[in-house]
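Below is one structure, written out as structure tokens; the observations come after it.
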Protein chains: 2
Amino acid sequence: MASSNKKVERVMKSIPEMEKCAMIADIFKALGDPGRLRIVKALSMGKLCSGDIAAALNMENSLVSHQLQVLKHQGIVTFKKEGKFMIYSLSNECVKKLLKLVDKHLNNCEQEAKQ
Amino acid sequence: MASSNKKVERVMKSIPEMEKCAMIADIFKALGDPGRLRIVKALSMGKLCSGDIAAALNMENSLVSHQLQVLKHQGIVTFKKEGKFMIYSLSNECVKKLLKLVDKHLNNCEQEAKQ
DNA sequence: TGAACACATGAACATTTGTTCAAATAAAGA
DNA sequence: TCTTTATTTGAACAAATGTTCATGTGTTCA
């Protein structure tokens with residue numbers, strides 16, 4: 001065994017339940033696809049209908065629709081119907097902040113790689 | 001076509017290149033697995049050796065090792081060798097902040113679900 | 001030296017995922 | 001009404017992923 005010490009016990013007790021971890025992971029997973037990430041980036045500039053997303057990102061409409069369902073499921077995007085259009089937007093500011101933080105993380109990594 | 005308007009053009013021009021999007025997505029993807037997320041959560045409490053992570057999270061050593069490689073690859077964790085132990089830790093503060101933000105996002109979603 | 005420990009690695013496998021296609025729904029206009 | 005437009009849905013399939021097992025590497029200690 002490694003060390004079966006206090007440290008291990010403390011960690012063991014404070015890690016959230018499996019279910020909660022899975023929920024958190026699911027949000028990251030939703031952002032963990034280049035296509036979906038581009039959709040989120042697009043929506044961070046303002047609301048867009050499904051077809052405009054597809055046009056701007058040069059993706060197939062049905063793919064955009066599938067991806068939007070995933071993002072919707074994780075509460076990342078919301079939508080409202082306007083006539084025959086579905087207008088999507090980011091559901092809260094957390095997502096924008098997440099994008100910024102990851103950019104920062106990437107920059108950190110690049111800086112360290114240079115040194 | 002949807003609307004082929006200014007809005008679409010603006011989005012089209014400002015979305016980062018595919019490669020950059022893929023890099024960002026890869027970081028989210030690394031966090032998008034319950035097992036890896038638990039490892040990251042554990043390391044957010046302090047540095048740990050590989051075996052202690054496995055013990056604390058009740059995971060197989062080889063699985064922990066595989067997952068750590070993924071996290072290492074994305075610059076999420078770093079390590080230093082100490083004798084026969086490999087001591088892992090989070091490589092920067094961004095990751096902790098990411099975890100906090102996702103918690104906040106989840107809380108937002110729960111609040112809205114109640115209303 | 002050799003046994004025991006800590007960890008990494010590679011192959012193999014089932015499962016999950018992203019993507020495409022064809023078809024379905026739903027609203028708008030002729 | 002019928003047609004067109006906007007979007008969603010489901011089936012299908014290739015590709016990617018998580019996990020396990022067996023093996024390999026490097027370190028410590030007797």
Side-chain angles (χ1 to χ4, degrees), chain A residues 1-5 7-8 18 21-22 25-40 42-43 47-74 77-89, chain B residues 1-5 7-8 18 21-23 25-40 42-43 47-74 76-89:
Chain A
M1 233 173 299
S3 47
S4 99
N5 49 22
K7 215 198 279 185
V8 171
M18 257 321 237
C21 286
D26 280 342
I27 293 163
F28 283 123
K29 198 185 293 181
L31 296 169
D33 171 80
R36 282 194 296 268
L37 194 86
R38 295 208 311 150
I39 293 176
V40 171
L43 290 177
K47 58 187 178 180
L48 286 169
C49 70
S50 182
D52 281 354
I53 297 172
L57 304 182
N58 195 29
M59 293 171 73
E60 290 214 15
N61 293 66
S62 72
L63 178 53
V64 169
S65 190
H66 278 300
Q67 307 283 45
L68 282 169
Q69 303 316 306
V70 176
L71 295 170
K72 203 164 79 181
H73 221 160
Q74 299 306 322
V77 306
T78 47
F79 63 98
K80 64 179 173 203
K81 193 160 195 169
E82 278 187 12
K84 58 178 173 176
F85 296 96
M86 287 293 253
I87 313 293
Y88 285 89
S89 51
Chain B
M1 235 172 297
S3 46
S4 98
N5 50 20
K7 214 199 280 185
V8 170
M18 256 321 236
C21 286
M23 287 179 70
D26 280 342
I27 294 163
F28 283 124
K29 199 186 289 181
L31 296 169
D33 171 80
R36 283 194 296 269
L37 194 87
R38 296 209 309 150
I39 293 176
V40 172
L43 291 177
K47 58 186 178 182
L48 287 168
C49 71
S50 183
D52 281 354
I53 297 172
L57 303 182
N58 194 30
M59 292 170 75
E60 291 213 14
N61 293 70
S62 71
L63 179 52
V64 169
S65 190
H66 276 301
Q67 306 285 44
L68 282 170
Q69 304 315 308
V70 176
L71 295 170
K72 202 164 81 182
H73 217 189
Q74 298 307 320
I76 294 168
V77 305
T78 47
F79 63 98
K80 63 179 172 203
K81 195 162 193 167
E82 279 187 12
K84 59 178 173 176
F85 295 96
M86 287 294 253
I87 313 293
Y88 286 88
S89 52

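Values in this document were obtained by computation on a predicted structure and should not be read as measured data. Proteins come first, then strands; the chains are lettered A, B, ... in the order of their sequence lines, and each starts at number 1.
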Starting at atom [atom1] of [X], determine the distance to atom [atom2] of [N], rounded to an integer number of angstrom.
X       : N      : atom1 : atom2 : value
A:Met86 : D:dA6  : CE    : P     : 15 Å
A:Asn61 : D:dT9  : CG    : C1'   : 14 Å
B:Ile39 : D:dG18 : CD1   : C1'   : 12 Å
A:Lys29 : D:dT17 : NZ    : P     : 12 Å
A:Arg38 : C:dG18 : CZ    : P     : 15 Å
B:Leu57 : D:dT19 : CG    : P     : 12 Å
A:Asp26 : C:dT17 : CG    : C1'   : 13 Å
B:Asp33 : C:dT16 : CG    : P     : 13 Å

- [ ] Assess whether one donor atom and one acceptor atom, taken from the side chain of B:Ser62 and the base of C:dC7, lie less than 3.5 Å apart.
- [x] no
Open item on the list: Taking atom types as they are modelled, would you say the side chain of B:His66 forms a donor-acceptor pair with the base of D:dT20 within the 3.5 Å cutoff?
Closed with: yes
Open item on the list: Just N and O in the side chain of B:Arg36: are any of them under 4.0 Å from OP1 or OP2 of D:dG18?
Closed with: yes
Open item on the list: It should be established whether B:Gln67 places a side-chain nitrogen or oxygen under 4.0 Å from OP1 or OP2 of nucleotide D:dG18.
Closed with: no
Which one, [options], comes nearest to the side chain of [X]?
X       : options               : value
B:Cys49 : C:dT19, C:dC7, C:dA8  : C:dC7
A:Glu60 : C:dT20, D:dT7, C:dC7  : C:dT20
A:Lys81 : C:dC21, C:dA27, C:dA8 : C:dA27

Open item on the list: Both A:Lys84 and B:Met59 contact DNA chain D. Taking the nearest nucleotide for each, which residue is further toward the 5' end?
Closed with: A:Lys84
Task: Stepwise side-chain contact (heavy atoms from CB on, under 4.5 Å) check, A:Asp33 with B:Lys29 - done: CA-CA 7 Å; A:Asp33 171 80; B:Lys29 199 186 289 181; 5.9 Å; no
- [ ] Select from A:Gly32 and B:Leu68 the residue whose nearest nucleotide in DNA chain C is closer to the 5' end of that strand.
- [x] B:Leu68
Between [X] and [Y], is any pair of side-chain heavy atoms under 4.5 Å apart?
X       : Y       : result
B:Lys80 : B:Met86 : no
A:Leu31 : A:Val40 : yes
A:Asn5  : B:Asp52 : yes

Indicate, with a heavy-atom threshold strictly under 4.0 Å, whether [X] touches base, sugar-phosphate, or nothing.
X       : result
B:Ser50 : sugar-phosphate
A:Tyr88 : sugar-phosphate
B:Lys72 : nothing

Task: side chain to side chain donor-acceptor pair (under 3.5 Å), paired with A:Gln69, selected from A:Gln67, A:Lys72, A:His73, A:His66 - done: A:Lys72
